[in-house]
Amino acid sequence: MWITLQICLYLSFNCICAVSVLRSGICQLQGHFKLNGMFQDGDLVLGGLFEVHFLTVFPELSFRMEPEPPYCEQFDKASFQQAQTMAFAIHEINKNPNLLPNITIGYHLYDNCVKLGVAFRAATALVSGTEDSFSNLNCAGLPPVIAIVGDPGSTHSIAISSVLGLFRVPMVSYFATCSCLSDRKKYPSFFRTIPSDAFQVRAMAQILRYFEWTWVGLLYSDDDYGIHASQSFHKDVQLFGGCVGFSEMLPRDNNRRDIQSIVGVVQASTARVVVVFSTEAYLLPLMDEVVLQNVTGRQWIASEAWSTSPVFHTQRLLPFLGGTLGIAIRRGEIQGLRKFLYYLRPDNNPRNNIVRIFWENMFGCSFDAGGREVEGEKKGCSGQEDLNSTETAYTDVSELRASYNVYKAVYALAHAIHDLMQCEEGRGPFSGNRCADIINLQPWQVVHYLQKVNFTTGFGDHVSFDKNGDALAIYDVMNWQPSSDGAIRVSTVGVVNEGATAGKVLTLNEDEIFWNFENKKPLRSVCSESCPLGTRRARKKGLPICCFDCLPCRDGYISNTTDAIECTTCPDEFWSSPNKDRCVPKEVEYLSYEEPLGISLTTASLLGTCFCALVMVIFAHHRSTPVVRANNSELSFLLLLSLKLCFLCVLLFIGRPQVWTCQLRHAAFGISFVLCVSSILVKTMVVIAVFKSSRPEGKSAMKWFGVAQQRGTVMSLTALQVLICIVWLTTSSPTPYKNGQYITSKIVYECSIGSVAGFSMLLGYIGLLAAISFLLAFLARNLPDNFNEAKFITFSMLIFCAVWIAFVPAYVSSPGKYAVAVEIFAILASSFGLLVAIFAPKCYIILLHPEKNTKKVIMGRATQNK
């Protein structure tokens, strides 16, 4: 916003001046800017903008007189090397007979002092020239420069290119990385030999992902470079699950209070990794405060703007910045540059005052013709001092990065102009198939050829531009390590190549990385530790996504990966392991012969069977005795047989359910109990018939209920139950069924009843016969003792009915195998009740009181009773 306002005000001022010029009748320069520069004339001139000074001091504004021009402080020898690299590249091109033959390239270089106002003044001076007057009344003609190398700052490039783009004056920046400059609609003539921030941010995100640093802090400068980079960084970090713990903007005015607040945030945060997108000018005051507050134990990640900056490579900053990882633009080698740098000598030309300023800073001397009053005592500069005796950032050509980009930018322009000169008339790219005229060369024509430039440097690097004017994205990964003198040296420990195949974009040599921590290993920087297997992440309310709690998965759910977002449910026949990290087959539960409950019930069943067999043996041995013969001994044997079958059918309920056991268990149970209850019913009827036949009025009762009728009644009643079972089994027979509803962690292997109606009819028929038997026995309970077997039948049927009435709710409420156990218990209890209640009194007389087992005793009691 402010940049646009400044540009509009500046252009408005120029329009007012233009009106005054037209009135004067001559095209005249309205004023001169006081700029530090370096010049060399040529047939074609290239402009250059460099950050030779760190700080700009602006005079106080009184608004009563024209302010003094700003002046710059803190000379940067590394940036001056970049300016000299441009001069060297032009010197090399001018000597090359194969590149731009018969054309001499010149240069006009200015210092922008890292301030937009100064940079814009310099750019204006480049495109308008420094001549006081111009013969063309309309101020029309070719600009003094055909292209500009620079500006290194993104904010400066945005402002300058916004204006120069209107006239299609090409700009080739060697250090402006803002991704916004890739917009061809806004910046149609902007190119760069350094990759865009979009690539840089992705490269830094690759490093964070490699070391699994998901909880990071972010610091960025208050300019277009920092703001756009921070916006892209927030997006890219989220793509791999990372979070930004804090995000702070470095102040423009280096306000001490703001800087102290930022350092306090860094120190208080749990994020141990701090990513910084900034230039040296913004970062120097922050690092001074880091030293004052003794902020250690942080892993700094440097953007390419300061990752190789020598101003931080001091002994004082080693304890704090040692181990820093950074992204640096590709290092190159330039043959002959070192010798050219040592060849530099100052002169008295005021247009080359930047060389004189360099000389004064290099040797700590002063030229008598210096611009400002020199503070303190300084020796005079002769201009013959020996540069070979110095070792500074200016003469260090071991890490040529920004300088190498300057070199490529100059050669890109040279190749574009060279390609322009090779055009054949009538086959040109411009209107009417015309070629550009080198004598009347227009900047927009250079833009056309610059877009298509394609060459390889002497170092072997390929140079070309994509449709947005961006260069190929290749970065070196740098690590700040202790040097022999206790300061910091920068070493290359890896490469980030966006053009590499997937999985090989980032290559690191971890053995060469210096870690500034006690354990000499990379630290962990996470908001929450990874969730282990068997747990899931639950985001903490009000915190970023990578701050979470680890909650164990519910029963039946698992997570077999770390940091699982959700637990996954196990398939139907599987259940979660104790650690909830895998699905295991569910335990299959059924009443087996091996478990204590199954053994107990089996034992009870076999005991009941043996008791029935024993009673049958006793009755068979004493079959001629009155107690056995009384009330149809055949029914007694049939009843014992049915009870024995009732005991044995229990075995069909125990063990793993199979088709045949499921079909037989209820059928056998139903038929056996009907045979048993029908025998008891017939015995009750016989008791009543015998009693009636003993009276005169009922002598014919037994005639209608003899042995054949008794046998037929039992068989008929049993046959009806057999028919019910046949219909049930043929229409919807029981089958084995894996039931997971009772206990979700287990599979209850049981027999489904198939047809509820069939099972209900089976039980209902048994209940009907039992009820009739109980009713008849109850009515015959007052008969004389010698005939009164009915009271034992009544008691046995009372037990039978009580057991099966209690069975229903117990069966319904019992889960899994215990439902089967309840049914077995009901069968055993009712069977033992019948066996004991009916046959125990008879066995008591037969075995313990045989004297009572005579017809005389029984008939005598009968007579007595009469």
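Worth knowing before you read on, the calculation uses all heavy atoms, side chains too, and leaves out hydrogens, waters and symmetry mates. Keep in mind that what you see is a predicted model, and the values were worked out from it rather than measured. In what follows, residues are counted from 1 in the order of the sequence shown.
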Checklist entry - Could you go step by step and tell me if Ile160 and Phe120 meet the side-chain contact (heavy atoms from CB on, under 4.5 Å) rule? => result CA-CA 6 Å; Ile160 296 169; Phe120 205 80; 4.0 Å; yes
With rounding to the nearest 0.5 angstrom, report the [atom1] to [atom2] distance, [X] to [Y].
{"X": "Asp76", "Y": "Gln81", "atom1": "CG", "atom2": "CD", "result": "10.0 Å"}
{"X": "Phe191", "Y": "Leu181", "atom1": "CZ", "atom2": "CG", "result": "12.5 Å"}
{"X": "Ser189", "Y": "Ile148", "atom1": "OG", "atom2": "CD1", "result": "9.0 Å"}
{"X": "Gln231", "Y": "His228", "atom1": "CD", "atom2": "NE2", "result": "5.5 Å"}
{"X": "Trp306", "Y": "Glu280", "atom1": "CH2", "atom2": "CD", "result": "10.0 Å"}
{"X": "Leu284", "Y": "Ser309", "atom1": "CG", "atom2": "OG", "result": "7.0 Å"}

[X] side chain near [Y] side chain, heavy-atom distance below 4.5 Å:
{"X": "Ile357", "Y": "Val52", "value": "no"}
{"X": "Thr395", "Y": "Asn388", "value": "no"}
{"X": "Phe459", "Y": "Ile334", "value": "no"}
{"X": "Arg427", "Y": "Asn433", "value": "no"}
{"X": "Arg331", "Y": "Arg401", "value": "yes"}
{"X": "Arg345", "Y": "Trp359", "value": "yes"}
{"X": "Ile227", "Y": "Met249", "value": "yes"}
{"X": "Met362", "Y": "Leu344", "value": "no"}

Which heavy atom of [X] sits nearest to which heavy atom of [Y], and what is that distance?
{"X": "Leu472", "Y": "Pro195", "value": "O-CG, 3.6 Å"}
{"X": "Asp236", "Y": "Ala205", "value": "CB-CB, 4.3 Å"}
{"X": "Pro310", "Y": "Ala393", "value": "CG-CB, 4.1 Å"}
{"X": "His108", "Y": "Gln40", "value": "CD2-O, 4.3 Å"}
{"X": "Arg184", "Y": "Gly469", "value": "NH2-CA, 3.4 Å"}
{"X": "Ser230", "Y": "Leu218", "value": "CB-CD2, 3.7 Å"}

Checklist entry - Run the side-chain contact (heavy atoms from CB on, under 4.5 Å) check on Arg121 and Lys34 step by step: do they pass? => result CA-CA 9 Å; Arg121 286 178 172 90; Lys34 186 177 180 181; over 6 Å; no
Look at the side chain of [X] and the backbone N and O of [Y], then say whether any donor-acceptor pair between them is shorter than 3.5 Å.
{"X": "Ser232", "Y": "Ala229", "value": "no"}
{"X": "Asn94", "Y": "Ile105", "value": "yes"}
{"X": "Asp437", "Y": "Ile439", "value": "yes"}
{"X": "Gln451", "Y": "Asp466", "value": "yes"}
{"X": "Ser196", "Y": "Ala198", "value": "yes"}
{"X": "Arg202", "Y": "Phe199", "value": "no"}

Checklist entry - Between Phe88 and His91, what is the ring plane arrangement, given parallel below 30°, perpendicular above 60°, and tilted in between? => result tilted
We want to know whether [X] and [Y] form a side-chain donor-acceptor pair, criterion being a heavy-atom distance below 3.5 angstrom.
{"X": "Asp197", "Y": "Gln200", "answer": "yes"}
{"X": "Thr308", "Y": "Glu399", "answer": "no"}
{"X": "Asp224", "Y": "Ser154", "answer": "no"}
{"X": "Asn348", "Y": "Arg356", "answer": "yes"}
{"X": "Ser182", "Y": "Arg192", "answer": "yes"}
{"X": "Glu51", "Y": "Ser79", "answer": "no"}

Checklist entry - Among Leu506, Val477, Val505, Ile474, whose side chain to side chain contact (heavy atoms under 4.5 Å, CB included) with Val495 holds? => result Ile474
Item to check | Test side chain to side chain contact (heavy atoms under 4.5 Å, CB included) applied to Phe175 and Ile329, Val406, Thr193, the passing residue | outcome: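 So, applying the side chain to side chain contact (heavy atoms under 4.5 Å, CB included) to Phe175 and each of Ile329, Val406, Thr193, only Ile329 qualifies.
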Checklist entry - Which residue pairs satisfy the salt bridge (Lys or Arg N to Asp or Glu O under 4.0 Å) criterion with at least one member in residues 442-459, sequence neighbours excluded? => result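 Sorted pair list comes back empty.
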Item to check | Criterion side-chain contact (heavy atoms from CB on, under 4.5 Å) on Ile93 and Leu100, from CA distance to verdict | outcome: CA-CA 8 Å; Ile93 291 168; Leu100 294 179; 4.2 Å; yes
Checklist entry - Among Asp461, Asn405, Asp476, Asn497, which residue meets the side chain to side chain donor-acceptor pair (under 3.5 Å) test with Arg330? => result Asp476
Checklist outcome for this item: Only residue of Asn361, Asp111, Asn112 satisfying side chain to side chain donor-acceptor pair (under 3.5 Å) with His53 is Asp111
Item to check | Name of the residue among Phe358, Phe75, Phe340 meeting ring-ring contact (aromatic ring centres under 6.0 Å, His included) with Tyr394 | outcome: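 Of the listed residues Phe358, Phe75, Phe340, the ring-ring contact (aromatic ring centres under 6.0 Å, His included) partner of Tyr394 is Phe358.
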Next on the checklist: Using the ring-ring contact (aromatic ring centres under 6.0 Å, His included) definition, which of the options Tyr174, Tyr110, Phe80, Tyr107 pairs with Phe50?
Outcome noted: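 Among Tyr174, Tyr110, Phe80, Tyr107, the one that satisfies the ring-ring contact (aromatic ring centres under 6.0 Å, His included) with Phe50 is Tyr174.
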Checklist entry - Taking the six-membered ring for Trp, is the centroid-to-centroid distance between Tyr282 and Phe277 below 6.0 Å? => result no
Would the number of heavy atoms belonging to other residues, nucleotides or ligands and lying under 6.0 Å from [atom1] of [X] be above 12?
{"X": "Asn102", "atom1": "CG", "result": "no"}
{"X": "Gln422", "atom1": "CD", "result": "yes"}
{"X": "Tyr343", "atom1": "OH", "result": "no"}

Next on the checklist: Checking Tyr187 against Ser157 for the side-chain hydrogen bond (donor to acceptor under 3.5 Å, both in side chains) test, could you report, in this order, the C-alpha distance in whole Å, the side-chain angles of both residues, the deciding distance, and whether it holds?
Outcome noted: CA-CA 10 Å; Tyr187 315 105; Ser157 295; over 6 Å; no
Checklist entry - Can Val453 and Phe465 be said to form a side-chain contact (heavy atoms from CB on, under 4.5 Å), step by step? => result CA-CA 7 Å; Val453 77; Phe465 301 104; 3.4 Å; yes
